[in-house]
Every structure is written in structure tokens, then in C-alpha cells.
Amino acid sequence: MRDDRRKPANSGELLAWYDVHARAMPWRVPPADKVAGVRPDPYRVWLSEVMLQQTTVAAVRDYFHRFTTRWPTVQDLAAAEDGDVMGEWAGLGYYARARNLLKCARVVVSDHGGVFPTTLAGLLKLPGIGPYTGAAIASIAYDLPEVVVDGNVERVMARLHDVHDPLPGSKVQLTELATALTPQARPGDYAQAVMDLGATICTPRNPACGICPWRDPCVARVEGTAAELPKKTPKKPKPTRLGIAYIARRSDGAYLLERRPDKGLLGGMLGWPGGAWSEEGAAEAPPLTADWQRLGAEARHTFTHFHLILEVRVANVAMGTNPEVGQFIEPASFRPSDLPTVMRKAFDLAVGAFDNGS
DNA sequence: TATTCGTGGGT
DNA sequence: TACCCAAGAAT
């Protein structure tokens, strides 16, 4: 802080802004309804917060609707089949979230009578609930004054106080600043207000400082440094890995798929056999003997920490063929939408080849 | 503390 | 095109 005479930011200014500008969301109770006594459903708050981890609101909306339609309560979700939940999560990414989601639902039902813990400490013991999500549920669902620190809060605090130390090292400092601002009154609305501010006004690029409810106390705005904060330590370059996807179609239209192990990349998801991906592109043996055809194109996909070039090989096989890995899934129970995106890309290429009568 | 773990959209 | 980024958690 370079100007101690500046009047510090205060939560009331932000709450007043939120009362007018709160974004409408399927899992959210608008401030006017909360005044009337409406409380958020902890199940829906929890589900939305897990889905929103490192994921945009736009991407979450449809998933949230499908999940809550299919599994309206935590009891419903706890009773679901693993494969159904993983399939419904397919395409949303970070699949450990879905595995932990199911674990968490089952613990809540078996150990807590189907009621989410009502303290931060209790929430933090559950799978998939970390410091952010625990504080978010505690504040939004139960109006407890816990400190919510996500990427939005980090950015807003860094700018309000002109913090130039790079993340993630500055996280402790930014958390302290966030703690000082978190109010005892309406902490749930406040938490959502800071995140709305970060998402709509105090954006990563081209922040709309002119219409910000905290424009006066914001030190970075005065210093002209808002757009360059928060600083971040540079990230490592992504290597490129090579792999093969073997897509076998049986004469009845069944496809050969395998369930990937729970640990590691795409853990718990369906995928095409093809072995590990490496920078050397070691040739993996096919899952069964057949007349494998190479396609003219490969699937390209970028993960968090590497690029992938996936060669797709296809084969038509007869009924009664026994694969060495995976199992055939019949057309009636195969939904391409159950596949993670990279596997669906490979499938889209293969379908074109099968349609061409290979 | 550093790495692993997805995906789609914006610039 | 190539990067950046998004309501992080687990290890």
C-alpha cells in the first residue's frame, strides 16, 4: 500500500453493488430472495462449486442442469453407478473431481445422515473439498464468515492493495488481505460478490475500473498497474507426446473400449485401447488381431501440461472376437458423450472412416 | 513447494 | 498460432 491516507475498501460498498448487479445462476439464491428467507440448497452449492473448480460458468451450466435433473439429491447421487457419474461428467475435465464427488456424496449419506457438515472443519474432511470449496460452501450455504480465496479474490486483492509479488508465493499475503475484508454480516453474498466483481469488472484483461464499486480505494487503479496484476511466476513449456488409439468396431456395431484406472490422467473414464503416451511414441500392440487401418489424419489435443498427437487406427471385427484388453460395448449402451474429449475426437475421426466403408 | 490433472473460449 | 485463463485439490 503506497497511500496510507486512502480510505480503505469496505465490504458494504461491494454488497450494495451486488444487490443490483448479482449474476443469476441456477445454483444461486438472489439477494432479494435471501432477504425473504430463502436458503440455498447445500447439495446444489457443493455440486456447483466442485464443477466450477478451474472451470468457467458457461461450461458448467448445462452439466449442472443434467446432474441435478438426473440426481436431484445427494442421496440420489450417492446411489448412482460410478460409470454413470463419470459419463455424465465427461467433457468437463479434471476427472478426479467426479471420482471425489461420488466419494463425497457417499460419505455424506453414510456418515452424516445425508446432511453436509455445517462447519468449515467438517467440510474440509470430505473428498474433493479443499480450502476454497470448503469456505465457499460454509459461507454461501450456511452464511458462516469463512474466507473465500479463489482466482478472482486473488486478483481483486492484488489490485486493491497493489501487490506486485507473484503468485503463488503471494497467496498467503492475499489471503490475509481477503480475511480483513470479509464481513460478519452477509458473508455468503459477499463471497459471491467478490467473485462476480472479478468475473465482470475486475477482469484479468481490460478491467472496467471506471464502473468499479471499489474504484476509489483501489491502489492499483491510481498507480495504473491494475491490468498487470496479479503477477504470476512463468510456467513451463508443454512437451508434445505421441500415442495410438485403436478403435475396433464389431459387426453388430459394438465398440471396444476400456475403463481407465482411477489414478492418473483421465482416471476412471472410458477410452480407446492404445497404451501410454510418450514423447518417443513407443508403438503399443493392438488390443486384438485384426486388419488395422491407419487414418490419414490424427487427433490433436492439448492437456494441462502436454500436447498430444494421437494416431487413430480402425478395424472391423467379427462377432465372437475376444480382445486382450477392454470390452465391447453395444450400440444401445454406448454414448459418445460419455467419452472424455480427447477420446471423442479420435472417435469422430474413426466414424468418418467407417462411414467410408473401410 | 512443485507437479499433476481437462477443456473451451478469448485475444 | 500460441498463449492465457477459469469459483482448485490432491499428492
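Every chain is numbered from 1, with letters handed out A, B, ... down the list of sequences.
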Residue mapping more 5' on DNA chain B - nearest nucleotide basis, R205(A) or K345(A): K345(A)
L339(A) vs K236(A), nearer the 5' end of DNA chain B by closest nucleotide: K236(A)
Taking the [atom1] atom in each of [N] and [M], what is the distance between them to the nearest angstrom?
N	M	atom1	answer
dA7(C)	dT4(B)	P	24 Å
dC4(C)	dT3(B)	P	16 Å
dA6(C)	dC5(B)	C1'	15 Å
dG8(B)	dA9(C)	P	22 Å

Whether the [X] and [Y] side chains hold a donor-acceptor pair (N or O, under 3.5 Å, no angle test) is what I'd like checked.
X	Y	answer
R97(A)	N100(A)	no
T225(A)	D162(A)	yes
H301(A)	K345(A)	yes

Which nucleotide in [options] has an atom nearest any side-chain atom of [X]:
X	options	value
F303(A)	dC5(C), dT4(B), dT7(B)	dT7(B)
R344(A)	dG8(B), dC5(B), dA10(C)	dG8(B)
L266(A)	dA7(C), dG6(B), dG8(B)	dG6(B)
M25(A)	dA7(C), dT11(C), dT11(B)	dA7(C)
K235(A)	dT11(C), dC5(C), dT7(B)	dC5(C)

Do you know the tightest heavy-atom contact between P287(A) and V325(A)? CB-CG2, 3.3 Å
For [X], which contact category applies under a 4.0 Å heavy-atom criterion: base, sugar-phosphate, or nothing?
X	answer
I129(A)	sugar-phosphate
V57(A)	base
P168(A)	nothing
K232(A)	sugar-phosphate
T55(A)	base
W27(A)	base
G169(A)	nothing
G264(A)	sugar-phosphate

Provide, to the nearest angstrom, the distance between the [atom1] atom belonging to [X] and the [atom2] atom belonging to [N].
X	N	atom1	atom2	answer
D262(A)	dT4(B)	CG	C1'	16 Å
Y190(A)	dA7(C)	OH	C1'	14 Å
E228(A)	dC5(C)	CD	P	13 Å
D62(A)	dG8(B)	CG	P	13 Å
F306(A)	dG6(B)	CZ	C1'	10 Å
L197(A)	dA7(C)	CG	C1'	14 Å
M269(A)	dG6(B)	CE	C1'	10 Å
Q54(A)	dC4(C)	CD	C1'	12 Å

Comparing T56(A) with Q53(A), nearest DNA chain C nucleotide closer to 5' gives the residue T56(A)
Taking atom types as they are modelled, is there a donor-acceptor pair under 3.5 Å from the base of [N] to the side chain of [X]?
X	N	result
Y94(A)	dG6(B)	yes
T133(A)	dG8(C)	no
R23(A)	dA7(C)	yes

With a 4.0 Å cutoff (strictly under), does any side-chain N or O of [X] reach OP1 or OP2 of [N]?
X	N	answer
R155(A)	dA6(C)	yes
H305(A)	dC5(B)	yes
T302(A)	dG6(B)	no

Would you confirm whether the ring centroid of Y63(A) sits within less than 6.0 angstrom of the ring centroid of W89(A)? no
Y255(A)/F347(A) aromatic ring centres below 6.0 Å: yes
Parallel, tilted or perpendicular: which one describes the rings of F116(A) and W46(A), with boundaries at 30° and 60°? tilted
R186(A) and D189(A): CA distance, side-chain angles, deciding distance, salt bridge (charged side-chain N to carboxylate O under 4.0 Å, His left out) verdict: CA-CA 5 Å; R186(A) 301 180 64 189; D189(A) 282 347; 2.9 Å; yes
